[in-house]
S.K.: 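Starting off with a structure, shown below.
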Amino acid sequence: MNFLLSPEQHALVDSVSGLLRDRCDALHVHQVFDTPGEAAFDAALWSALSELGVPAIMVPEAHGGLGLELIDLAIVSEALGRAAAPVPFLGHALAALAISLGGSEEQKERWLPALASGEKIATVAFGESPGRWAPDEWTLLGETLTGTKTMVPNAKEADLIVVGLGTGALAVVEKDASFTVARLDVADRTRPLDTVTFTDASAELLANGTVAAPRVFDAAAVLLAADAFGGADHCVNMSVEYAKIREQYGQPIAAFQGLRYQLVAMALATEPARGLYWFAAHAWDALPEKARHAAGQAKAHLAETYLQVTRDTVEAHGGIGFTWEHDTHIYMKRAMLDWAWLGTPSRHRQRAADLAGW
């Protein structure tokens with residue numbers, strides 16, 4: 001059995017990574033991060049990614065997409081995480097997936113082509129206070145919605161929002177409906193979050209939303225795990241390169257045994273975890289009986305690993321690692337969002353344990 005990526009998947013990652021090298025280097029991410037006022041996203045970069053087909057990856061070919069699988073979407077998420085790309089990928093990808101899985105043919109035809117091309121932006125509204133994320137925890141009811149969703153990615157810029165309902169179903173609310181958006185002051189400025197308050201907002205139920213909702217929830221966990229792996233891997237490489245050039249007492253700090261052990265520990269925590277999100281994505285695509293457990297494990301482990309690796313990265317860089325001008329704080333704040341969004345690692349470990357019958 002071949003557990004490696006296909007040539008086509010390598011080509012996809014190479015195309016996205018090449019674009020990010022050209023259009024999303026560290027200086028550019030800092031410029032977006034440091035922009036005064038309310039953060040949004042890099043519209044030009046998102047347009048370029050749309051031209052490469054990133055929003056179309058899991059949209060069916062019949063509706064203008066590429067008809068690929070979650071593993072393809074996940075390896076792109078890894079590349080975006082490695083670059084800390086300030087684009088509305090997470091919410092948009094999940095909303096398109098929700099409509100692809102849960103929409104009627106008429107609903108798919110109405111919304112998916114514009115989402116696949118990037119002409120319109122969509123997002124998902126799953127989170128509710130305090131800490132309710134899963135389909136069996138949602139509370140909003142009816143086709144006329146009144147209530148609040150929190151930590152909604154890029155709701156302010158979205159043309160439509162896929163909302164999780166108290167019945168475990170999904171509904172679509174378009175931009176001209178009755179809702180207000182308040183941007184949250186969050187640490188990760190590469191992926192802004194909003195609180196959305198609905199007041200008698202008109203919502204259209206997805207025809208098969210109750211079936212799609214748990215699948216979209218698991219896919220979200222996999223995409224967060226992939227983003228976390230990409231960010232953690234970048235932090236390891238960044239720390240190693242810095243240790244080679246930073247000198248103390250007349251020699252590179254890479255020669256110091258204590259730091260070498262720390263760098264090795266970071267690499268050993270990160271690299272083997274790649275298989276966790278690969279398997280979780282594969283299970284989502286091909287092993288439905290294992291998908292929920294694998295998604296929970298991947299999200300829990302990789303989000304926690306990423307956060308710890310960013311702490312170690314700050315230590316490896318010494319004083320410069322604590323400054324606003326360095327990249328380390330951007331990755332640490334991104335790790336914080338991967339850790340918190342969709343529920344904490346402990347929640348996902350508990351869910352995985354329950355699914356395993358422990």
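The structure presented is a predicted model; accordingly, all values stated were derived computationally and were not measured.
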S.K.: Mind checking who shares a hydrophobic cluster with Leu140, ILVMFWY linked at side-chain heavy-atom distances under 4.5 Å?
M.R.: Leu145, Val152, Ile161, Val163, Leu165, Val173, Phe179, Val181, Val196, Phe198, Leu205

S.K.: Is it true that atom CD of Glu289 has more than 12 heavy atoms of other residues, nucleotides or ligands lying nearer than 6.0 Å?
M.R.: yes

S.K.: Could you check if a side-chain atom of Val32 sits within less than 4.5 angstrom of a side-chain atom of His28, using non-hydrogen atoms only?
M.R.: yes

S.K.: Are any side-chain N or O atoms of Thr35 and backbone N or O atoms of Gln31, one a donor and one an acceptor, separated by less than 3.5 Å?
M.R.: yes

S.K.: Quick one: does any side-chain atom of His92 pair with a main-chain N or O of Leu115 as donor and acceptor, under 3.5 Å?
M.R.: yes

S.K.: I'd like to know if the side chain of Arg347 reaches the main chain of Trp133, judged simply by a donor and an acceptor atom lying under 3.5 Å from each other, with no hydrogens or angles considered.
M.R.: no

S.K.: Answer yes if the side chains of Thr146 and Asp200 hold a donor-acceptor pair under 3.5 Å, and no otherwise.
M.R.: yes

S.K.: Trp138 vs Phe126, test: ring-ring contact (aromatic ring centres under 6.0 Å, His included). Steps then yes/no.
M.R.: CA-CA 7 Å; Trp138 299 332; Phe126 289 169; 5.1 Å; yes

S.K.: Hey, is Arg311 close enough to Glu315 for a salt bridge, meaning N to O under 4.0 Å?
M.R.: no

S.K.: Excluding sequence neighbours, so at least two apart, what forms ring pair (Phe, Tyr, Trp, His ring centres under 6.0 Å) with Trp278?
M.R.: none

S.K.: Check Ala93 against Leu223 and note the closest heavy-atom contact, atom names and distance.
M.R.: CB-CD1, 4.4 Å

S.K.: Counting N and O atoms only, with roles assigned by atom type, does the side chain of Ser50 sit under 3.5 Å from a partner on the main chain of Trp46, one being a donor and the other an acceptor?
M.R.: yes

S.K.: Closer than 3.5 angstrom, by distance alone: can the side chain of Thr313 be matched with the main-chain N or O of Val309 as a donor-acceptor pair?
M.R.: yes

S.K.: Any chance you could lay out the side-chain contact (heavy atoms from CB on, under 4.5 Å) test for Lys120 and Lys175, step after step, and finish with the verdict?
M.R.: CA-CA 11 Å; Lys120 290 188 175 182; Lys175 195 164 193 173; over 6 Å; no

S.K.: Does Thr328 use its side chain to pair, donor to acceptor, with the backbone of Val314 at less than 3.5 Å?
M.R.: no

S.K.: Is it the case that the side chain of Asp188 and the backbone of Leu337 share a donor-acceptor pair, with hydrogens and angles ignored and the cut-off at 3.5 Å?
M.R.: no

S.K.: Could you check whether atom CG of Asp185 has more than 12 heavy atoms from other residues, nucleotides or ligands sitting under 6.0 Å from it?
M.R.: no

S.K.: Indicate, with yes or no, if Phe229 and Met336 share a hydrophobic cluster defined by side-chain heavy-atom contacts under 4.5 Å among Ile, Leu, Val, Met, Phe, Trp and Tyr.
M.R.: no

S.K.: Write down the atom of Val54, the atom of Val16, and the distance for their closest heavy-atom approach.
M.R.: CG2-CG2, 3.9 Å

S.K.: What's the verdict on side-chain contact (heavy atoms from CB on, under 4.5 Å) for Ile320 and Tyr242, showing C-alpha distance, side-chain angles and the deciding distance?
M.R.: CA-CA 11 Å; Ile320 190 66; Tyr242 180 75; 3.7 Å; yes

S.K.: Does a side chain donor of either His234 or Asp327 reach within less than 3.5 Å of an acceptor in the other side chain?
M.R.: no

S.K.: Any sub-3.5 Å donor-acceptor pair from Glu128's side-chain atoms to Thr139's backbone N or O?
M.R.: yes

S.K.: Among Arg191, Lys333, Lys299, which one satisfies salt bridge (Lys or Arg N to Asp or Glu O under 4.0 Å) with Asp338?
M.R.: Arg191

S.K.: Minimum heavy-atom separation for Arg189 and Asp34, please, with both atom names.
M.R.: NH1-CA, 4.3 Å

S.K.: Is the ring pair His329/Trp324 parallel, tilted or perpendicular, if the boundaries are 30 and 60 degrees?
M.R.: parallel

S.K.: Tell me whether Tyr331 contacts the main-chain N or O of Arg82 through its side chain, where contact means a donor paired with an acceptor under 3.5 Å.
M.R.: yes

S.K.: Would a 4.5 Å heavy-atom cut-off, applied to side chains only, mark Ile99 and Val162 as touching?
M.R.: yes

S.K.: Any side-chain heavy atom of Val186 within less than 4.5 Å of one from Pro192?
M.R.: no

S.K.: Decide yes or no for Met58 and Ser100: does some side-chain heavy atom of the first lie under 4.5 Å from some side-chain heavy atom of the second?
M.R.: no

S.K.: Let me check something: do Val29 and Leu90 share a hydrophobic cluster, defined by ILVMFWY side-chain heavy atoms less than 4.5 Å apart, either directly or through other members?
M.R.: no

S.K.: Has Trp284 got a side-chain atom pairing as donor or acceptor with Arg215's backbone, closer than 3.5 angstrom?
M.R.: yes

S.K.: Please report the shortest heavy-atom distance between Cys235 and Tyr306, naming the atom on each side.
M.R.: SG-CE1, 4.5 Å

S.K.: I need the minimum non-hydrogen distance between Gly81 and Asp227, along with the two atoms involved.
M.R.: CA-OD2, 3.2 Å

S.K.: For Asp312 and Gln308, does a side-chain donor sit closer than 3.5 Å to a side-chain acceptor?
M.R.: yes

S.K.: Would Ile75 end up clustered with Leu287 when hydrophobic side chains under 4.5 Å apart are linked, directly or stepwise?
M.R.: no

S.K.: Could you pull out the closest heavy-atom pair between Leu20 and Ala83, with the gap in Å?
M.R.: CD1-CB, 3.9 Å

